[in-house]
Structures are given as structure tokens and as C-alpha cells.
Amino acid sequence: MGVSAASILNQLLHAKNLKPQPRSTATNTTKAAITTILSHVNAGHICKAASVLFAFPAPFPYSLYAHLFQHCTSPRAVVGLRKAESHLLTFSPNPPIFLLNRAIEAYGRCDSLRDARELFDEMPQPDGGSWNALINAYSQRGFSDEVFKLFLKMNRCGVYPNQITLAGVLGSCAVASEIVLAKQAHVTVVKFGFCRNVILGSSLVNVYGKCGLMVDARRMFQEIPSPNAVTWNVIVRRYLDAGDAREAIVLFSRMFLVKVRPLHFTFSAALVACASISRLEEGMQIHGVVVKLGLHEDNVVSSSLINMYMKCGKLEDGHEIFDQIGSKDLVSWTSIVSGYAMCGKIWEARKIFDEMPERNVISWNAMLAGYARFCDWHEALDFIYLMLGKIKDVDHVTLSLMLNVSAGLSDQEMGKQVHGYIYRHGFHSNLSAGNALLDMYGKCGNLNSATVWFDQMSNRRDWVSWNALLASYDHHQLGEQALTKFLEMQWETKPTKYTFGTLLAACANSSSLNFGKQIHGFIIRHGFEMDIIIRTALVNMYSRCRCLEYAIEVLKGAISRDIVIWNTIIFGCCHNHRGKKALELFQLMEAEGINPDQVTFQGILLACVEEGFVDVGTDCFRSMSNEYYVLPWLEHYDCMIELYSRHGYMDELENFLKTMPIEPTLSMLRRAFEASQKNRYSRLGEWITHKLNEFEH
DNA sequence: TTAGGGTTAG
């Protein structure tokens, strides 16, 4: 490359023989050239404009250069921009600093920071505006470290920052989560009395929020005399990102009270907030406002609306908006697919997925997540093969889902292959992929690999990682070790209700009553909310540890009881050979208006087997489909065969076997055969022998 | 003359 524009500037500034030419001598030719240049600039043809300029060996008014610099907005303009700068410096060797500052900004916008920096460095006396231009050029292109260095250098050079400098610096602090420097900048804002500046106020709200300090962000927000739409947008967005969707919605609604019209982005943020915590009512109200303001034409807002309805389970409403919008984009298609898939309407989701005009990794993941959520492992596996054939780059979500599928299928080999891929492609530092890996090893029964991986994750693990490890101990019936690990966990992170679920399951599976009681005590002492999930885990733990009375006490303590907790206690009674108690509790459950499901009947039939209540069992089985409209599963038929076989009700057994609407399984036939032999009931024995022969052929 | 926020889907 030849001599740069900035060096030309330097030479010119030191050359004494060049004098600025009088600018009043504009001839008609100059005027014509200016007109041509302006028309090119206004049409966005910077290079053409610069060529005309360059061909004219005379100075032009500064305003023309300023106009040209201002219109340089994309990297395409950079060649023209260089020409214009060089022309300026050749024919006006002493240009005003403000014009050079405009050129620095223009280089920034053209993504040519080297030129910007060179020009700045060659300036004999950069002013505050030059520093600002360069700092903001770096700030807007995300080079936070450069911004920080320049800011310090600027201070050292004795140049005072102004509002513009601080806005750029705070923006970079937000990008880099640089809280220490942000606080220093905050002090400067206060010291120089810029506190009432709404732009700096918004930047401070933003930076505190991005650094996870929502209390400070909120305090800053409250100090701003009249927050504008951008300020509100920032605070809503920061609450949403901080995981407080509820507060995001509250603040969004407050905007209407203070009569600040939300921006498009704020509408979509509020809709995302509603979607994330299933606040349909608020979502519908926002929908109303969106329509009133005509924002439903906006692609992003309409996609957010579709997503909100789908996530709130209102599939038809979401689909209706989708049908109405003119340009259905990838995002709205994916929202629809995901909505159906996550509601368990897998078939519908797949149908829509297959109709999609285009797909990306997110749409593939949305569909795969549906299969995984509903444990449709074989379909998921087929889908993965299909996906890998169609898409080149999978991401950490795909990899996590693939690990879930490996775990679901207990296919450790597949899991290991995914592990290899994760390692080779640098996904091992991704937390969700790492947690999925841990979960896979645990569920595939490889406690050793799970532990090794868990230790390797030491600097980037969270409570999900700990839970996965605890679940792995549970899987290996190591309740005691789980508890030890739980104590260790508290040095690092806080337990959640899911942790207790896992720990109590570990205690239940290893009959560790003492540890179970300790966990129960921990939950109470630390004031964790005793929700239905924890309560169910406790009921399960106590009944599995042969402490049925405790289990019943926990059950009674619940404000409301769902089918799962009732089923748990009914099975708990069976586990403790207390069939009568199970039937008694079943009646209480019905009195509470809870409808039994397949699992309940399985428990009831088990109780009847346990107690030898053959008539009750027979009645129950009959009423199951006739009165409760609960279709029997294979397990229920199995229970009935066990009931008749164990208690020697051979006529009933024969009748049942011969009239079953499904073919008896091998184990059912074997069980019944044993009973016929024991009870010398040869007619059935012969029939079964015949059936068993059929099986063999 | 220069400054802030932000684009929906897994």
C-alpha cells in the first residue's frame, strides 16, 4: 500500500509553503462539480462522489466534505472515504478539527477502525471530540478493551470526558460486564453533574442490569427524572434477562400509566415475559394493545404473539395469528412447531415441520425437543439420523438433546460418540451440553465417568450439574453418598426443590430413613416452600422407608393434593403390605373429587392382590372402564391374573384369560399355568399348554 | 457535531 491519508496529512501540516486557497473563488465548474458530488452522495454512491471530487484539483467547502463523511455508513464506502479525506488534506492543509472528527466517525461506521485510529494518531492536537469519535467508533463495534484503554489514556492526557465519552464507555462496560469501570464511570457522571442526562441514566440502568445487579439498576432507574421509551425498554429487558419475567410485565404495564409508548422491542420483550411464565391474561391484553396500535403488522411482534399463545397452551389462537400473517417467516413457523411439540401433539408438530418451506438448526431442535420431552426415544433417534443428513452444523442444543436421547435409550456408546464430538468441536465449555453429558453418564449407569466429568466441570458447574450428580448416586442406590455430596454442594451453590426431589428419591431407593429425615428437616429449617412436588417426594421416601404413618402425615399436611401424590401413597401402602389402608385412602381421594387414573387402579388392584380381596378387585377392574372410563393397560390385566392365580380363583381365571380383549403375554400364561397345576385345574392347564405351543411356533 | 436500548423461534 502507498502512503496513507494520515501521513499525507502530517506532511502537509508541516509543509510551510502550502497555503489554504481562498474558498470564495468557486467558479461555475466548481458549482457544477458540487452538484454532481452531492447527488452521488445523496444516492448513496460515495465512491462515485469521491471520484468526481478527486478529479478536481481544488478545495471544496468544508460542508461538502462533512456531508460526504456523514453519508459513509457501510464498508463499501471506505475507498471513497479515503479519497475524500486525502483530497481534503491535500487542498485544505489546515482543516478544522471537527471535520477530521467526522472522518474518524465515518471510518468507524465503515468498520475501518485502522483508518480511524491512524487519522487520530496523526492529529497534532486532537480535541475532546476526537477522543469521543474514536472511543465511540470502538464502542459501537464492540471493542470494549480498546475503549477502556483509550478512556484511561484520555484521562492521563488531561482531557475531560463529557456525556458522550461516558455514554460510549458505559456501553462498552455493559458489553464486557465490566462493573468496576462502570462504577468509576458512574462516579464521574455524578461528579460532573450529568445525573439528569436521560441517556447516561439509561446506560447506567443497562450496565448494572447486564452485570446482574438488578437492585442497583432499579435504583438508577428510579433516580431518572423522566425516563423515556428507551429507558423503559432497558429496564423491562434487564428484568426479563435476569429471569424476573413477572417484574418485566409489571413495569411494562406501568409504561401506560406514565403515558410512554413502548417500542416494538419492548412489546416483544413483554410478550416473551408472558410466554415464559404462562401469563395468558396479560399476554392477551398486550395483544389488544398491539392491534390497537397497528403493531401486529410487525414481523417480530407478530412472531412474539404467536409464541406467547403457543407457550401458554393456546394452540388454536397461535395458529390463527399464524394463518393471518402475510409473510410467515422461519421464526413463526418454528414457534408453531415448538408449540405443538411441547404440548405432546407430536404428530401435528411433525406434520407442520414437514411442511416448512425452510428450516434451520433451531427448527430441527424444536422438533427433536418434542420427541425427547415425551420420551419418544426411538422416533427421536430416527429424527436425529434424518437431521444429521440434512443439516451440517449442529449446536449445543442439538448435542444436549442427543445426549438426552442416548440416556433415554441407555445407549452409552452413542453418548460417548456425542462426547467425542463435543470435545472435538469445543462444546465442552458449554454448560448445558456439559450437564447433559453428566446426566447421560449417570443414567447409563456409568457413575465413574459421571464423577470424572463432574470434577472436570469444576469451574463452570451450576445446581443442575449437582442435581445430575446426585441423581446419578440415586441411580446407583447410594443414598448415603448422595447426602454427603449434598453437604458438599452447599459450599458451592444453593439447593433447589429439584435437588430435594432427587435426594429424597435417593433415600427412598436405598431405604435411608435417617438421611431422608435429615433432608426433611433441612427443608423445614431453611424455609423452602413445601410444594406438591417436594411433598410427594417425602410421601414416597417415608413409605419406601417403611414409615407409612409419617407418609400419611405428610400427605394430610398438604393444602391441596393431586393425583400423583394420591397414587404415591396408595403404592406406598401396597409396598408396606397395607392393602386395606390403600383402599381406605382411595375412598378419601374420591371424596376429595380427584379422578383416579391408570396408575391409581394399578395400585388398587395390587392392594386387592395383597389382601386377597378378589371380589373387590374384580369390581374395580370392571368399574375402571365402565364407570371411570379409564382403559386398562397390560399391567392391569397382569394384576387380575395375579389376583385370581394367587388366591386360587380358577373359574374366574379361566374366564378372564379366555375373554381378554388382548392376547395374554408369555409371563401371564406361565403364571396361570403354575396356578392351574397347583390347584389341579387341568382344563385350563391344557388350554394354556396349547397357547404356549402357539407361542413357540 | 458527536451519545443510550433492541429483533421474535429450540
Side-chain angles (χ1 to χ4, degrees), chain A residues 63 66 69-70 96-106 108-109 127-137 139-140 161-172 174 194 197-207 209-210 224 227-238 240-241 262-272 275 298-308 310-311 318 322 325 328-339 341-342 349 353 356 359-370 372-373 387 394-398 400-401 432:
Chain A
S63 60
F69 292 157
Q70 232 154 10
I97 296 178
F98 92 86
L99 197 52
L100 297 176
N101 296 349
R102 293 296 79 74
I104 294 176
E105 285 154 16
R109 283 194 302 271
D127 66 0
S130 321
W131 285 95
N132 287 348
L134 193 65
I135 285 178
N136 281 302
S139 170
Q140 279 155 7
N162 68 3
Q163 278 116 312
I164 289 131
T165 332
L166 291 164
V169 171
L170 284 170
S172 287
F194 301 147
N197 182 324
V198 68
I199 294 180
L200 289 178
S202 310
S203 305
L204 282 164
V205 174
N206 188 43
V207 75
K210 281 239 170 97
I224 299 174
N228 62 21
V230 173
T231 324
W232 283 96
N233 184 53
V234 169
I235 192 86
V236 168
R237 193 78 224 181
R238 293 288 76 88
L240 180 62
D241 290 346
L263 305 169
H264 289 205
F265 314 113
T266 324
F267 272 101
S268 54
L271 287 166
V272 170
D298 182 89
N299 245 356
V300 175
V301 175
S302 65
S303 297
S304 311
L305 271 173
I306 294 171
N307 186 48
M308 184 277 293
M310 299 308 276
K311 289 245 173 77
F322 179 70
I325 53 175
K328 298 171 176 43
D329 63 5
L330 188 55
V331 178
S332 42
W333 274 100
T334 309
S335 292
I336 295 281
V337 169
S338 167
M342 290 322 222
F353 178 84
M356 285 177 78
R359 303 177 192 96
N360 63 4
V361 67
I362 301 182
S363 13
W364 282 92
N365 288 344
M367 190 63 231
L368 181 56
R373 172 178 258 199
M387 176 174 182
V394 299
D395 66 3
H396 69 277
V397 179
T398 323
S400 307
L401 289 165
S432 66

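Only a predicted model underlies this, so the values are computations on that prediction, with no experimental measurement involved. To find a chain, count down the sequence lines: A is the first, B the second, and so on, and within it residues start at 1. Just so you know, these numbers use all the heavy atoms, side chains as well, and skip hydrogens, waters and symmetry mates.
- Residue A/Asp395 is classed as a base contact, given a heavy-atom separation below 4.0 Å to a base.
- Note on A/Arg238: only backbone sugar-phosphate atoms sit closer than 4.0 angstrom, heavy atoms only; bases stay farther off.
- Counting only heavy atoms from C-beta on, A/Val300 has its side chain closest to B/dT7 among B/dG6, B/dT7, B/dA9.
- In the interface, the side chain of A/Asn197 is paired with the base of B/dA3 through a donor and an acceptor atom under 3.5 Å apart.
- Nucleotide B/dT8 holds its P atom 16 Å from the CE atom of A/Met308, rounded to whole Å.
- By the side chain to side chain donor-acceptor pair (under 3.5 Å) test, A/Asn228 pairs with A/Thr231, sequence neighbours left out.
- Nucleic acid contact for A/Ser202: base, since at least one base atom lies under 4.0 Å from a heavy atom of the residue.
- Of all nucleotides listed (B/dT7, B/dT2, B/dA3), B/dT2 comes nearest to the side chain of A/Glu105.
- Using a 4.0 Å heavy-atom distance criterion, A/Asn162 is classed as making no nucleic acid contact.
- In this structure, CG of A/Asn360 is placed 17 Å from P of B/dT7, rounded to the nearest angstrom.
- Within the nucleic acid shown, A/Thr266 has no heavy atom closer than 4.0 Å to any nucleic acid atom.
- Residue A/Lys328 contributes atom NZ, which lies 19 Å from atom P of B/dA9 at whole-angstrom precision.
- Protein atom CZ of A/Arg237 is 16 Å distant from nucleotide atom C1' of B/dG4, rounded to whole Å.
- For A/Asn307, counting side-chain heavy atoms from C-beta on, the closest listed nucleotide (B/dT7, B/dA9, B/dT2) is B/dA9.
- The closest side-chain heavy-atom distance from A/Leu100 to A/Ser130 is not below 4.5 Å.
- A/Val397 comes within 4.0 angstrom of a nucleotide base, judged by non-hydrogen atoms across all strands.
- Here A/Phe322 and A/Trp333 bring their ring centres to under 6.0 angstrom of each other.
- Taking the side chain as every heavy atom from C-beta outward, A/Ser304 and A/Val300 approach each other to under 4.5 Å.
- Contact annotation for A/Asp298: no contact, since no heavy-atom pair falls under 4.0 Å across all strands.
- Residue A/Thr334 is classed as a base contact, given a heavy-atom separation below 4.0 Å to a base.
- A/Gln163 places its CD atom 9 Å from the C1' atom of B/dA3, with the value rounded to the nearest Å.
- At a threshold of 4.0 angstrom between heavy atoms, the contacts of A/Val198 include nucleobase atoms, whether or not backbone atoms are also involved.
- At a cut-off of 3.5 angstrom, the base of B/dG4 holds no donor-acceptor pair with the side chain of A/Ser203.
- Between A/Asn299 atom CG and B/dA9 atom P the separation is 13 Å, expressed in whole Å.
- In this entry the distance linking CG of A/Asp329 with P of B/dT8 reads 11 Å, nearest Å.
- Remark: A/Thr266 pairs with A/Asn233 by the side chain to side chain donor-acceptor pair (under 3.5 Å) rule, at least two apart or across chains.
- With B/dG6, B/dG4, B/dT2 as the choices, the nucleotide that has an atom nearest any side-chain atom of A/Gln140 turns out to be B/dG4.
- Using a 4.0 Å heavy-atom criterion, one finds that A/Leu330 contacts the bases of the nucleic acid, with or without backbone contacts as well.
- Taking every side-chain heavy atom of A/Arg102 into account, B/dT1 is the closest of B/dA3, B/dT7, B/dT1.
- A cation-pi arrangement is found for A/Arg359 relative to A/Phe353, the charged atom lying closer than 6.0 Å to the ring centre and inside a 45° cone about the ring normal.
- Going from atom CD1 of A/Ile362 over to atom P of B/dT7 covers 13 Å, rounded to whole Å.
- Neither OP1 nor OP2 of B/dT8 sits under 4.0 Å from any side-chain N or O of A/Lys311.
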